[in-house]
Number of protein chains: 2
Amino acid sequence: MDTKTLCLGIISRGAASGYEIKKAFEEGGMNHIYHTSYGSIYPALTALTREGLVDCAEMAQEKRPDKKVYTITAAGRAALENALSMPPADDKFRSDFLFILFFAHFVPPARIAMLIDQRIAWYENCLADMNTPGHCRHTTAGETFVHNLGVAVYSSAADYLKTNRQLLLDQISHPDQQVAE
Amino acid sequence: MDTKTLCLGIISRGAASGYEIKKAFEEGGMNHIYHTSYGSIYPALTALTREGLVDCAEMAQEKRPDKKVYTITAAGRAALENALSMPPADDKFRSDFLFILFFAHFVPPARIAMLIDQRIAWYENCLADMNTPGHCRHTTAGETFVHNLGVAVYSSAADYLKTNRQLLLDQISHPDQQVAE
DNA sequence: TTTCGCATGTAAACAGTTACATGATTAC
DNA sequence: GTAATCATGTAACTGTTTACATGCGAAA
């Protein structure tokens, strides 16, 4: 999914500036699904405007820098629907955390314990945010569905880590002993 | 985690060629954690050899192309342990599938149904592979821990999709009706 | 007979992030 | 005072993927 389509998706939910689009990928309901940086967003918005898929309105603000607010056009909505109708690329996932755990026998047990604890805390923090009313609006059925899937997956990962943390630590601390199942 | 460290990790489990390293990221226990392509692996192996972190042995084979088998050196193991001791970068995740579901109201319900069904089938196929004895060895506690975390997460995602599939389809098919909770 | 698996490698193309440039206001 | 938030944008750098180049043997 290219950055232009990602921006088009956010703008389809309501007029937004480049800055607000970035926030949507960090805080809003799109968090954890995709992310981008200003270096991708601003050029994408310029291209979308040039192609007539969004309209750009310059807004002067008091006590704040000016902003450019983008609105989706009919052609933009058609382009978004078209992009959404293409076969999705495979999910892309890469995790240093899991890579390190994979080689837990090369790492001091205290560090493994710390990494797992940090990860559990991270999940619990995310889950708390996701339950905060007003975290995001969940206006559509799709948003709610994706949000709840995220909650289910993060909860199960956190549960697994809590349940199996000590087992792993015992195994790497006493490599010669058989650990009962 | 750079490609050199990824290769070093794989080679630490036993001598391997570039071709076999690629397979480890597609089929072995490292599957779903990280992936790379030949275009990254071969230059990384050249660099690791130059830096003395691996040894390279050229093996002539019958009825097969020659291969270069890489073995980790003491310096290589130290470099791996050092890389493993650095704070892990955040997980990177991006999903076209979830992006499309997020905008389910712009997509024909039949397509949403198909995408969810395909995803459930994909998870079930992965879970079946992961349960196949000999899929990978799980020689270490870390490998088993990561493997079982994967099973837990994929199972919960598949369960969620199965349980909530129809609810989402009802909501996007009858957008004006309130759906009871 | 065509595709798949084995096997290595390079170059070009593409995507993405980081750092820089600029600057006012507000909260701690 | 210092950090964070608001706000846009470019350029350089880094990393990754894809396509190309080559070719045998085995299975479908």
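In what follows, chains are A, B, ... by sequence order, proteins preceding strands, each numbered from 1.
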Under a 4.5 Å cut-off applied to non-hydrogen side-chain atoms, are A:L167 and A:D170 in contact?
no
Rounding to a whole Å, what distance do you find between A:L45:CG and D:dT8:C1'?
10 Å
So what does B:K92 hit on the nucleic acid, given a heavy-atom distance under 4.0 Å: a base, only sugar-phosphate, or nothing?
nothing
For the pair made of CE in A:M59 and C1' in D:dT8, what is the distance, rounded to whole Å?
15 Å
Counterpart residues, salt bridge (charged side-chain N to carboxylate O under 4.0 Å, His left out), relative to B:R119 (two or more places apart)
A:D91
So, B:H35 versus A:F93, ring centres under 6.0 angstrom or not?
no
Strictly under 4.0 angstrom, non-hydrogen atoms only: write out the protein contact profile of nucleotides 10-28 of chain C, one letter per nucleotide from the 5' end, B, S or -.
B-----SBB----B-SS--
Partner residues of A:D90 under the salt bridge (charged side-chain N to carboxylate O under 4.0 Å, His left out) criterion, sequence neighbours left out:
none
Would you please confirm or rule out a distance under 4.0 Å between OP1 or OP2 of D:dC6 and any side-chain N or O of A:Y19?
yes
So how far off straight is the helix from C:dT1-D:dA28 to C:dC28-D:dG1, going by the axes through five pairs at either end, to 10°?
50°
In whole Å, what is the span from the NZ atom of B:K67 to the P atom of C:dC6?
10 Å
Tell me every residue that passes salt bridge (charged side-chain N to carboxylate O under 4.0 Å, His left out) with A:D55, counting only those two or more places apart in sequence or in another chain.
none
Let me know the distance between CD1 of B:I41 and C1' of D:dG15, rounded to the nearest Å.
14 Å
From NZ of B:K4 across to C1' of D:dT16 the rounded distance in Å is 16 Å
Would you say B:K23 places a side-chain N or O within less than 4.0 Å of OP1 or OP2 belonging to C:dG5?
no
Report, one line per pair, each donor and acceptor closer than 3.5 Å where one atom sits in a side chain of residues 100-108 of chain B; sequence neighbours left out.
none

Got a sec: does the CE of B:M59 have more than 12 other heavy atoms crowding it under 6.0 Å?
no
Length of the line joining A:K68:NZ and D:dT8:P, which is rounded to integer Å
8 Å
Interatomic distance, A:E20 CD vs D:dA7 C1' [rounded to whole Å]:
10 Å
So does B:Q61 get a side-chain nitrogen or oxygen closer than 4.0 Å to the phosphate oxygens (OP1/OP2) of C:dC6?
no
Given atom CG of A:L48 and atom P of D:dT8, what is their separation to the nearest angstrom?
15 Å
What's the spacing between A:L149 CG and A:T144 OG1 if we round to 0.5 Å?
12.5 Å
I'd like to know whether A:Y154 forms a ring pair (Phe, Tyr, Trp, His ring centres under 6.0 Å) with A:W122, so could you lay out the CA-CA distance, the side-chain angles of the two residues, the decisive distance to 0.1 Å, and finally the verdict.
CA-CA 10 Å; A:Y154 282 0; A:W122 184 86; 5.6 Å; yes
